[in-house]
Trainee: 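Let me give you the structure first, and then I'll get to my questions.
None of these values were measured; they are calculated from a predicted model.
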Amino acid sequence: MKRPLIQRYNKAERINHWFVAFCFILLAVSGLGFFYPSFFWLTHIFGTPQLARILHPLVGVLMFVGFFIQFFRYVRLNFLDKEDKKWLKDIGKVMQNHEVGDVGKYNAGQKLMFWLMTSCMVLLLLSGLIAWRPYFAPHFPIPVIRFALLVHSAAASLLIIGIIVHVYAALWIKGTLRAMVEGVVTQTWAEKHHPRWYRAVMEKARQSQADKADASATPPSHF
């Protein structure tokens, strides 16, 4: 008999994630077209290079908003703790697919990725606003705009690398991708990869069942 599945992400969380992912793809492809002349043809992802110039910053703002909805939803779960130190110390074992430490909903690698993405998103927004013509760029001197473009390119490169690692990890750990597609994971997966989170979820489920049992056993009051 198969063990029941556990919900890891609800529908709203999954829609938010894929919205941000879709925006990222549009921005990464068009951004590469702007940055490397030989890749300028990639700007046609928006239809024409002219449309790409207009839509790239607008989609960037949408991605920033979508990501920070996720940020405020998950930030409390992404602070490093003593178990994360064990995970980082034995990263060699982790790379050999061995679990290390009493991991909560997110392991140390996922937490560091969260903060990398957050930092890059902030830098991309601020630098992008400074360089955004014709709205904000005229208010800044040329050297500031050039520096902003340098920061924008560096942050974008880091974010692209981070997302590649993020996708690779999701494909490498079997069952991870299902969590963001269907919203559920198996109990076996949860117990193996995130044992502390698994225990918390199961305890909450047991408490919920106990409360329902108590409610059904309580005779109705008569006035």
Side-chain angles (χ1 to χ4, degrees), residues 8-75 78 109-110 112-172 176-183:
R8 187 160 171 84
Y9 298 109
N10 60 36
K11 187 175 181 180
E13 290 175 304
R14 300 198 305 277
I15 291 174
N16 193 336
H17 173 273
W18 292 114
F19 172 78
V20 172
F22 179 68
C23 289
F24 169 79
I25 292 171
L26 292 177
L27 293 168
V29 172
S30 58
L32 286 171
F34 293 141
F35 192 74
Y36 295 103
S38 57
F39 288 159
F40 190 69
W41 58 273
L42 291 175
T43 58
H44 287 280
I45 192 171
F46 282 115
T48 66
Q50 292 78 12
L51 272 177
R53 290 286 184 187
I54 296 170
L55 295 178
H56 181 91
L58 293 174
V59 174
V61 172
L62 289 176
M63 182 177 73
F64 179 85
V65 172
F67 178 83
F68 271 85
I69 291 174
Q70 293 180 314
F71 174 84
F72 290 113
R73 179 179 283 139
Y74 302 132
V75 63
N78 279 280
Q110 291 170 312
L112 292 176
M113 187 65 68
F114 174 85
W115 292 112
L116 172 67
M117 291 181 180
T118 299
S119 301
C120 288
M121 287 287 184
V122 171
L123 290 174
L124 285 169
L125 178 72
L126 295 178
S127 59
L129 288 175
I130 292 173
W132 192 352
R133 296 182 182 276
Y135 303 106
F136 303 103
H139 300 290
F140 297 93
I142 295 299
V144 172
I145 295 173
R146 287 175 176 170
F147 181 72
L149 289 172
L150 177 63
V151 171
H152 199 78
S153 301
S157 299
L158 280 175
L159 185 60
I160 290 172
I161 294 170
I163 294 298
I164 290 173
V165 173
H166 175 68
V167 172
Y168 176 77
L171 297 174
W172 180 43
T176 301
L177 189 60
R178 182 183 188 183
M180 198 49 76
V181 175
E182 301 177 28

Trainee: Rounded to the nearest 0.5 Å, what separates atom CE in Met121 from atom CE in Met63?
Mentor: 3.5 Å
Trainee: Hey, could you give me the CG/CG distance between Leu124 and Leu129, rounded to the nearest 0.5 Å?
Mentor: 10.5 Å
Trainee: Please test Phe114 against Val75 for side-chain contact (heavy atoms from CB on, under 4.5 Å), starting from the C-alpha separation and ending with a verdict.
Mentor: CA-CA 8 Å; Phe114 174 85; Val75 63; 4.2 Å; yes
Trainee: Considering non-hydrogen atoms only, spot the tightest contact between Arg14 and Val181 and give its length.
Mentor: NE-O, 3.4 Å
Trainee: Between Ala131 and Leu149, which heavy-atom pair has the shortest distance, and what is it?
Mentor: CB-CD2, 3.6 Å
Trainee: From Cys120 SG over to Leu158 CG, what is the distance, rounded to the nearest 0.5 angstrom?
Mentor: 5.0 Å
Trainee: Could you grab the distance from atom CH2 of Trp132 to atom CD1 of Ile145, nearest 0.5 Å is fine?
Mentor: 14.5 Å
Trainee: Taking the six-membered ring for Trp, are Phe67 and Phe71 closer than 6.0 Å centroid to centroid?
Mentor: no
Trainee: Please give me the minimum heavy-atom distance between Asn78 and Trp115, naming the atom from each residue.
Mentor: O-NE1, 2.7 Å
Trainee: Take Val122 and Phe68 through the test side-chain contact (heavy atoms from CB on, under 4.5 Å) and record every step on the way to the result.
Mentor: CA-CA 10 Å; Val122 171; Phe68 271 85; 3.7 Å; yes
Trainee: For the atom pair CD (Glu13) and CD1 (Ile15), what is the distance rounded to the nearest 0.5 Å?
Mentor: 11.0 Å
Trainee: May I have the step-by-step check of side-chain contact (heavy atoms from CB on, under 4.5 Å) for Leu116 and Leu112, ending in yes or no?
Mentor: CA-CA 6 Å; Leu116 172 67; Leu112 292 176; over 6 Å; no
Trainee: Working to the nearest 0.5 angstrom, can you tell me the gap between Leu42 CG and Leu26 CG?
Mentor: 12.0 Å
Trainee: Please report the C-alpha distance between Phe147 and Ile130 in whole Å, then the side-chain angles of each, then the deciding distance to 0.1 Å, and finally whether the side-chain contact (heavy atoms from CB on, under 4.5 Å) criterion is met.
Mentor: CA-CA 10 Å; Phe147 181 72; Ile130 292 173; over 6 Å; no
Trainee: Count the heavy atoms of every other residue, nucleotide or ligand shown that sit under 6.0 Å from CZ of Arg73, and state whether that count exceeds 12.
Mentor: yes
Trainee: Within the supplied structure, the quantity of interest is the number of heavy atoms (other residues, nucleotides, ligands) at a distance under 6.0 Å from Phe40 CZ; does it exceed 12?
Mentor: yes
Trainee: Report yes or no: is the cationic atom of Arg53 (NZ for Lys, CZ for Arg) under 6.0 Å from the centre of the six-membered ring of Phe34, at an angle within 45° of the ring normal?
Mentor: yes
Trainee: Show the nearest heavy-atom pair for residues Ala148 and Ser127, with the distance to one decimal.
Mentor: O-CB, 3.2 Å
Trainee: What's the shortest heavy-atom distance between Arg8 and Ala179, and which atoms?
Mentor: CD-CB, 3.9 Å
Trainee: Can you name the closest pair of heavy atoms from Met113 and His166 and give their distance?
Mentor: CE-N, 4.2 Å
